[in-house]
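When reading the values below, keep in mind they use all heavy atoms of this one structure, side chains included, and skip hydrogens, waters and symmetry mates. No experiment lies behind these values; they were computed from the predicted model shown. Letters A, B, ... mirror the listed sequences (proteins, then strands); counts begin at 1.
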Number of protein chains: 2
Amino acid sequence: MVVFEPFRKGVGMVVKRNTWQREAVRSALGTQMGFVSAQGLHAALATSGSHIGLATVYRALADLANEGEADSLQSPEGEALYRACSLAHHHHLICRSCGLTVEIEADEVEEWAHRTATQHGFSRPEHVVDVFGFCSACVPPQ
Amino acid sequence: MVVFEPFRKGVGMVVKRNTWQREAVRSALGTQMGFVSAQGLHAALATSGSHIGLATVYRALADLANEGEADSLQSPEGEALYRACSLAHHHHLICRSCGLTVEIEADEVEEWAHRTATQHGFSRPEHVVDVFGFCSACVPPQ
DNA sequence: CTGATTTTGAAAATCATTATCAATTAGGTA
DNA sequence: TACCTAATTGATAATGATTTTCAAAATCAG
């Protein structure tokens, strides 16, 4: 039970080799319109004829996230989800029905998080800020 | 792979019976200073002499969360964490080292989340807003 | 007290994720 | 080009949290 560890591991370490597998994952992630799980991406790759291994997909996604090429977050059910992203820090507005994801600016929240942490004597704050809802194309259930 | 489900299940359904187990979980949760996992709470209960079953702790915590008596969130590692809470909606500032949790007001963020969702055509927004950092008692590692 | 129904708990089942480890491969080097 | 060596892959086993199963025990209304 390790609970309060930092979100992202330290940066820059060993060199990575270029393999078609890593490229396949990077590319497949790019075609996804929203967040996907490792399992989901592996299934998508399999469907499109790739014989890449599941463990490799997990490793590649973790690497992409470490290198800042992918965003990762936990679904409410605790599954890890990934999405290709720009390098800048940002947050997400995610449709609970179709998974459509909109990157949102949150300067306001960045500032608030930092200010609040400092006020309470906390240092090195990191925050989790994501908004889930139903996009305009998805009728809100009942 | 169910990913985009709502955070909290629907409210008010069948009646729950009163058992010492449920009360034990509610009470034990109240004595915790920060968020705990189901496993952690079960261990704490065992230490204090209770013979309550692990599955029962999971069930009781899920119920408390459904009824609004407990907050639940996912740790960065994907474990579900629980904490007794007041009924009002609020957010948390959590120490990554010792787990100390401070409930914080976030009217500013509530308003921002709602405004942002609406702007993008999203309805029924719910948000995940939690700040992790190191509390003043815990020296920030290097 | 009695019966109907819910709850419990030990153990098995799930399920996502990680670790193992032998075989393969990338990328530099002679 | 051939070779060397460390990094990478992938099938599979292991892990660990959470859920399900189901028979036995407990709750609560009448």
Give the rounded distance in Å between these two atoms: [atom1] of [X] and [atom2] of [N].
X      : N       : atom1 : atom2 : value
Q39(A) : dT18(C) : CD    : C1'   : 12 Å
E79(A) : dC15(C) : CD    : P     : 11 Å
L81(A) : dA16(C) : CG    : P     : 12 Å
Q74(A) : dA16(C) : CD    : C1'   : 11 Å
L41(B) : dA17(D) : CG    : C1'   : 15 Å
H42(A) : dT12(D) : NE2   : P     : 12 Å
E77(B) : dT18(D) : CD    : C1'   : 16 Å
I52(A) : dT9(D)  : CD1   : P     : 7 Å

Inset, instruction - Report the residue (R59(A) or L54(A)) whose heavy-atom-nearest nucleotide on DNA chain C is the more 5′ of the two. - result: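 So the residue in question is L54(A).
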Is there a side-chain contact between [X] and [Y] in this structure, where contact means two heavy atoms from C-beta onward sitting under 4.5 Å apart?
X      : Y      : value
R59(B) : Q21(B) : no
T19(A) : T56(A) : no
L41(B) : Q32(B) : yes
Y82(A) : L64(A) : no
Q74(A) : E79(A) : no

Inset, instruction - Quick one, give me the B/S/- string for nucleotides 23-30 of chain D, reading 5' to 3', where B means a protein heavy atom under 4.0 Å from the base and S means that only happens at the primed atoms, P, OP1 or OP2. - result: ---BBS--
Inset, instruction - Check every atom of dG10(D), dT17(C), dG9(C) against the side chain of T56(A) and return the nucleotide holding the closest atom. - result: dG10(D)
Legend entry - Minimum-distance nucleotide to Q21(B) side chain [options: dT18(D), dT8(C), dG10(D)]: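 Of the options given, the side chain of Q21(B) lies nearest dT8(C).
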Legend entry - Most 5' of H51(A) and A55(B) on DNA chain D, judged by nearest nucleotide: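 Of the two residues, H51(A) wins.
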Legend entry - Angle of first-five versus last-five pair axes in the helix from dC1(C)-dG30(D) to dA30(C)-dT1(D), to 10 degrees: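 Between the first-five-pair axis and the last-five-pair axis there is 30°.
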Legend entry - T116(A): partners by side-chain hydrogen bond (donor to acceptor under 3.5 Å, both in side chains), with sequence neighbours left out: W112(A)
Inset, instruction - Measure the acute angle between the ring planes of H127(A) and H91(A), then classify it against the limits of 30° and 60° as parallel, tilted or perpendicular. - result: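 Judged by the thresholds at 30° and 60°, the geometry between H127(A) and H91(A) is tilted.
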Inset, instruction - Kindly say if Y58(B) contacts the phosphate of dT19(D), meaning a side-chain N or O under 4.0 Å from OP1 or OP2. - result: no
Legend entry - I52(A) backbone acceptor or donor facing H42(A) side chain under 3.5 Å: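 At least one qualifying donor-acceptor pair exists.
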Inset, instruction - Using modelled atom types only, decide if a donor and an acceptor are shared between the side chain of D71(A) and the backbone of R83(A) within a distance under 3.5 Å. - result: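 No; judged by distance alone, with no hydrogens or angles, the pair does not exist.
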